[in-house]
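Heavy-atom basis, side chains included; hydrogens, waters and symmetry copies ignored. Chain A is the first sequence line, chain B the second, and so forth, proteins listed ahead of strands; every chain is numbered from 1.
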Protein chains: 2
Amino acid sequence: MIVEDQHLMRLALVHELQAAIPACVVHAAATIATALELIEANQFALILIDPGLPGYDPRSEMDRLKTISTVVERTPAAIHIVITGAESAQEWEEVRTIGVAGYIAKNSLKPGTMTAILQSIADHGCCVGLMHETSMSPEVYHAVLSPREQELVQWMMQRPANISRKAIYDQLGEHLNIDAASAERYYKRARAKLLKFGQLPESL
Amino acid sequence: MIVEDQHLMRLALVHELQAAIPACVVHAAATIATALELIEANQFALILIDPGLPGYDPRSEMDRLKTISTVVERTPAAIHIVITGAESAQEWEEVRTIGVAGYIAKNSLKPGTMTAILQSIADHGCCVGLMHETSMSPEVYHAVLSPREQELVQWMMQRPANISRKAIYDQLGEHLNIDAASAERYYKRARAKLLKFGQLPESL
DNA sequence: GACGAAAGTGACGGCGCTGTCCCTATTTGC
DNA sequence: GCAAATAGGGACAGCGCCGTCACTTTCGTC
């Protein structure tokens with residue numbers, strides 16, 4: 001079950017969870033009230049919860065903890081992971097004592113990370129992901145490109161000047177489990193598309 | 001350009017924007033520093049910005065406004081929309097005076113809403129979306145279903161007892177621009193899949 | 001008993017994304 | 001100059017999703 005008030009984030013969490021756990025059933029609630037309804041009707045194995053729900057003051061540590069403990073108390077059989085936009089090491093210590101297994105900052109939650117989180121909980125019993133201040137490089141998204149093409153372009157734009165494109169193709173081939181030649185083909189198709197639509201960045 | 005620190009939300013916003021504006025190019029930044037880099041290198045027509053960035057205190061109204069005004073001042077040609085997780089009517093009044101056209105709560109931002117937001121700004125010059133306390137009904141997502149099938153199941157589960165399924169098929173056909181008969185087949189295929197995987201909810 | 005609503009099954013063409021294979025110019029570097 | 005890297009194009013099969021069409025059976029109700 002996922003308890004998260006922001007529609008888009010809830011959707012994203014559903015997808016992350018489905019990507020991490022094949023053939024699973026995910027229930028989602030936007031409010032505590034809805035979550036409690038679901039808890040009474042179902043047995044959940046895993047619960048993601050964001051303590052910043054409407055109706056409660058997200059600045060109040062008490063409200064946040066109450067939200068979490070309310071859910072945790074009623075689902076003793078489930079594994080609980082807190083997904084928060086305003087994380088603090090202290091809060092993690094507190095929720096840990098009431099039985100929460102994971103504490104993840106929304107900041108540090110990237111696409112595909114869910115698998116690692118669940119694995120970590122399975123191995124060590126808990127998982128913490130506080131904020132990464134990694135000063136991300138800028139991202140560019142072109143609507144005319146398919147996801148694969150988009151990914152190829154992203155990689156290629158980050159290529160240091162002294163590395164040959166061929167080397168990138170090899171890296172990508174290994175990373176995506178495809179032929180380096182196919183990676184080359186993708187990049188070329190992507191480039192052709194961008195050229196066609198006049199969206200070609202200078203960094204080519 | 002999108003300025004948003006949470007990876008998943010940033011991704012979701014990119015998709016929303018691409019869905020609303022065909023064949024567009026979207027740049028995304030996770031920090032103010034990255035955003036300012038992008039501003040110096042590009043001319044943007046539309047900027048979505050979340051004031052709750054790392055390095056600033058999201059509780060401090062001053063930090064939030066500074067984040068916004070920093071970006072707005074340097075991009076006078078762009079339309080600015082604030083996307084915030086902690087909205088307040090007062091903050092909207094303040095950012096409005098410095099030239100922000102839209103103020104949308106993450107709470108009220110649903111998949112597909114971006115088109116309406118942009119349309120509203122085009123028509124009236126501004127758009128406000130504060131929190132909807134609509135006490136959403138619970139959602140269920142089955143990984144084995146395709147998006148269409150998922151949607152059909154969702155609709156069917158919300159069916160009041162006194163409405164025939166046939167009526168739902170008609171509604172759906174109209175809503176999705178497909179044959180009511182096709183909607184029927186989708187539902188049946190979805191049901192067959194759930195049955196096969198033992199994931200059939202009682203509400204069938 | 002007849003009729004319609006609902007359930008269950010099978011099949012088809014179209015489309016886009018993916019991954020592969022092949023062929024040809026042009027440029028770059030040694 | 002020659003070889004490797006780069007740029008550009010065309011074609012193909014596989015797969016999943018989408019939308020459509022057709023057929024059978026069961027159930028409830030009038």
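Taking atom CD of B:E184 as the reference point, atom P of D:dA22 lies 14 Å away to the nearest angstrom. The nearest whole Å value for the distance from the NZ atom in B:K188 to the C1' atom in C:dA7 is 6 Å. Across the protein-nucleic acid pair, A:L172 atom CG and C:dG19 atom C1' stand 14 Å apart, rounded to whole Å. Put simply, CD1 on A:I178 is 6 Å from P on C:dT20, counting in whole angstrom units. Note: CD1 (A:I163) to P (D:dA4) measures 20 Å, nearest angstrom. One can place CG of A:D179 at 14 Å from C1' of C:dC22, the figure rounded to the nearest angstrom. We find that OH of B:Y187 is positioned 16 Å from C1' of C:dT9, with the value rounded to whole Å. Spacing between atom NZ of B:K193 and atom C1' of C:dG8 amounts to 16 Å, rounded to whole angstrom units.
Between B:R165 and B:E184 no salt bridge is recorded (no basic side-chain N to carboxylate O distance below 4.0 Å). Here B:D50 pairs with B:K106 in a salt bridge; the nearest charged N to carboxylate O distance falls below 4.0 Å.
Side-chain nitrogen and oxygen atoms of A:R165 include at least one within less than 4.0 Å of the OP1 or OP2 phosphate oxygen of D:dA7. Applying the 4.0 Å criterion to OP1 and OP2 of C:dG19, one finds that A:R189 has every side-chain N and O outside that range. For the pair A:R185 and C:dC21, the criterion of a side-chain N or O lying under 4.0 Å from OP1 or OP2 is not met. For A:S146 and C:dG16, the shortest distance from a side-chain N or O to OP1 or OP2 is not below 4.0 Å. Contact check, B:Y186 against D:dG19: a side-chain N or O comes under 4.0 Å of OP1 or OP2.
For A:P147, the side-chain atoms get nearest to C:dC17 when compared with the rest of D:dC17, C:dA6, C:dC17. Considering only side-chain atoms of A:S164, the nucleotide from C:dT20, C:dA7, D:dT6 that sits closest is D:dT6. Set against D:dG9, D:dC18, C:dC17, the side chain of A:A192 has D:dG9 as its closest nucleotide.
A side-chain donor-acceptor contact under 3.5 Å links B:E139 and B:Y141.
Closest approach of B:R10 and B:A28 over heavy atoms only: CD-CB, 3.6 Å.
Annotation: A:E93, atom CD; neighbour count of heavy atoms from other residues, nucleotides and ligands within 6.0 Å is above 12.
At a cut-off of 3.5 angstrom, the base of C:dA5 holds no donor-acceptor pair with the side chain of B:K166.
Checking A:L145 against A:N177, the closest nucleotide of DNA chain C that is more toward the 5' end is the one next to A:L145.
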